[in-house]
Enquirer: 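Here's a structure for you.
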Amino acid sequence: MDESKYQRIWQTVLQIPAGKVASYGQIADLAGLPGRARLVGKALGKAPPELEVPWFRVLRSNRSLAFTPGSEVAELQRQSLLAEGVLVKNNRAPQQDVWQPDLAELLFKLNY
DNA sequence: CCATTGACTTTAC
DNA sequence: AGTAAAGCCAATG
């Protein structure tokens with residue numbers, strides 16, 4: 001199985017700073033995989049724990065959590081975000097906490 | 001192969 | 001602002 005796409009996705013998500021969030025589509029774009037938002041979710045589900053990929057910083061395009069509200073994993077995500085200052089209210093994160101990366105710096109770090 | 005399935009997005013009410 | 005429908009595309013059976 002070709003994991004290179006997953007690796008790129010994981011590396012991209014690792015660039016999201018604490019206290020910031022990004023959308024699945026945004027990560028796909030930044031990872032050089034436009035149109036593959038759904039693949040990002042898949043990749044996050046398969047991320048090796050030792051990589052410590054901050055999966056909880058990835059939300060839908062409207063900044064809502066992707067999991068069923070009230071579910072255990074949704075709670076974990078909400079808590080994790082709260083712990084770094086992102087206040088999720090009504091299942092939504094504030095617009096002000098959306099990550100806006102410096103593209104030149106990001107591309108340099110990812111070495112694409 | 002064809003069909004179904006999503007940690008999704010966009011558009012149109 | 002919230003919802004529904006359609007579009008999307010790799011993975012899976």
Side-chain angles (χ1 to χ4, degrees):
Chain A
M1 173 179 281
D2 180 15
E3 285 195 353
S4 61
K5 285 192 269 191
Y6 286 174
Q7 293 282 358
R8 295 229 303 274
I9 290 168
W10 298 332
Q11 287 306 309
T12 305
V13 173
L14 278 165
Q15 307 305 317
I16 308 174
K20 290 294 172 184
V21 297
S23 76
Y24 296 93
Q26 183 182 359
I27 294 302
D29 288 346
L30 294 173
L33 300 166
R36 259 133 310 174
R38 304 189 97 131
L39 189 62
V40 172
K42 193 76 64 88
L44 289 179
K46 293 180 170 247
E50 61 269 26
L51 281 185
E52 312 220 343
V53 177
W55 58 270
F56 54 86
R57 296 180 188 143
V58 185
L59 318 178
R60 295 197 181 114
S61 61
N62 65 358
R63 311 190 312 283
S64 65
L65 305 203
F67 298 100
T68 305
S71 67
E72 185 141 354
V73 60
E75 264 312 288
L76 173 59
Q77 184 168 25
R78 188 181 71 73
Q79 297 281 347
S80 301
L81 289 171
L82 182 61
E84 50 188 50
V86 177
L87 180 50
V88 175
K89 182 162 190 173
N90 294 321
N91 208 46
R92 287 273 227 94
Q95 170 69 46
Q96 66 197 42
D97 290 333
V98 173
W99 183 38
Q100 292 176 348
D102 178 295
L103 292 183
E105 180 186 351
L106 182 69
L107 293 179
F108 175 72
K109 284 187 179 171
L110 292 175
N111 206 358
Y112 290 171

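We name chains A, B, ... by the order of the sequence lines, and we start the count at 1 in each one. Values reported hereafter were calculated over all heavy atoms of this structure, with side chains retained and with hydrogens, waters and symmetry mates removed. Quick caveat, the model's predicted, so the values are computed rather than measured.
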Enquirer: Which residue, A/Leu39 or A/Gly25, contacts DNA chain B at a nucleotide closer to its 5' end, judged by nearest heavy atom?
Expert: A/Leu39
Enquirer: Over how many whole Å does the gap from A/Arg63 atom CZ to B/dT9 atom P extend?
Expert: 13 Å
Enquirer: Report the distance from atom CD of A/Gln7 to atom OG1 of A/Thr12, rounding to the nearest 0.5 Å.
Expert: 11.0 Å
Enquirer: What's the CZ-C1' distance between A/Arg36 and B/dA7, to the nearest Å?
Expert: 18 Å
Enquirer: Given C/dA11, B/dC8, B/dA7, which nucleotide is nearest the side-chain atoms of A/Ala37?
Expert: B/dC8
Enquirer: State, with a plain yes or no, whether a side-chain heavy atom of A/Leu44 is found less than 4.5 Å away from one of A/Tyr24.
Expert: yes
Enquirer: Quick one: A/Ile9 CD1 to B/dC8 C1', roughly how many Å, whole number?
Expert: 12 Å
Enquirer: Could you state the atom-to-atom distance from CZ of A/Arg8 to C1' of C/dA10 in whole Å?
Expert: 14 Å
Enquirer: In whole angstroms, how far is the P atom of B/dA7 from the OH atom of A/Tyr6?
Expert: 12 Å
Enquirer: Counting heavy atoms from C-beta on, name the nucleotide in B/dT9, C/dC8, C/dA10 closest to the side chain of A/Arg38.
Expert: C/dC8
Enquirer: Do A/Pro54 and A/Val13 have side chains that approach each other closer than 4.5 Å (heavy atoms only, starting at C-beta)?
Expert: yes
Enquirer: Look at A/Ser23 and B/dC8 and indicate whether a side-chain polar atom (N or O) is within less than 4.0 Å of OP1 or OP2.
Expert: no
Enquirer: Give a yes/no on whether any side-chain N or O of A/Lys46 is located under 4.0 angstrom from OP1 or OP2 of C/dT12.
Expert: yes
Enquirer: Could you state the atom-to-atom distance from CD1 of A/Ile27 to P of B/dA7 in whole Å?
Expert: 17 Å
Enquirer: Report yes if some heavy atom in the side chain of A/Tyr6 is under 4.5 Å from a heavy atom in the side chain of A/Lys46; otherwise report no.
Expert: yes
Enquirer: In this structure, how many angstroms lie between the P atom of C/dG2 and the CG atom of A/Asn91, rounded?
Expert: 12 Å
Enquirer: Could you state the CZ-P distance from A/Arg60 to C/dT3, rounded to the nearest angstrom?
Expert: 12 Å
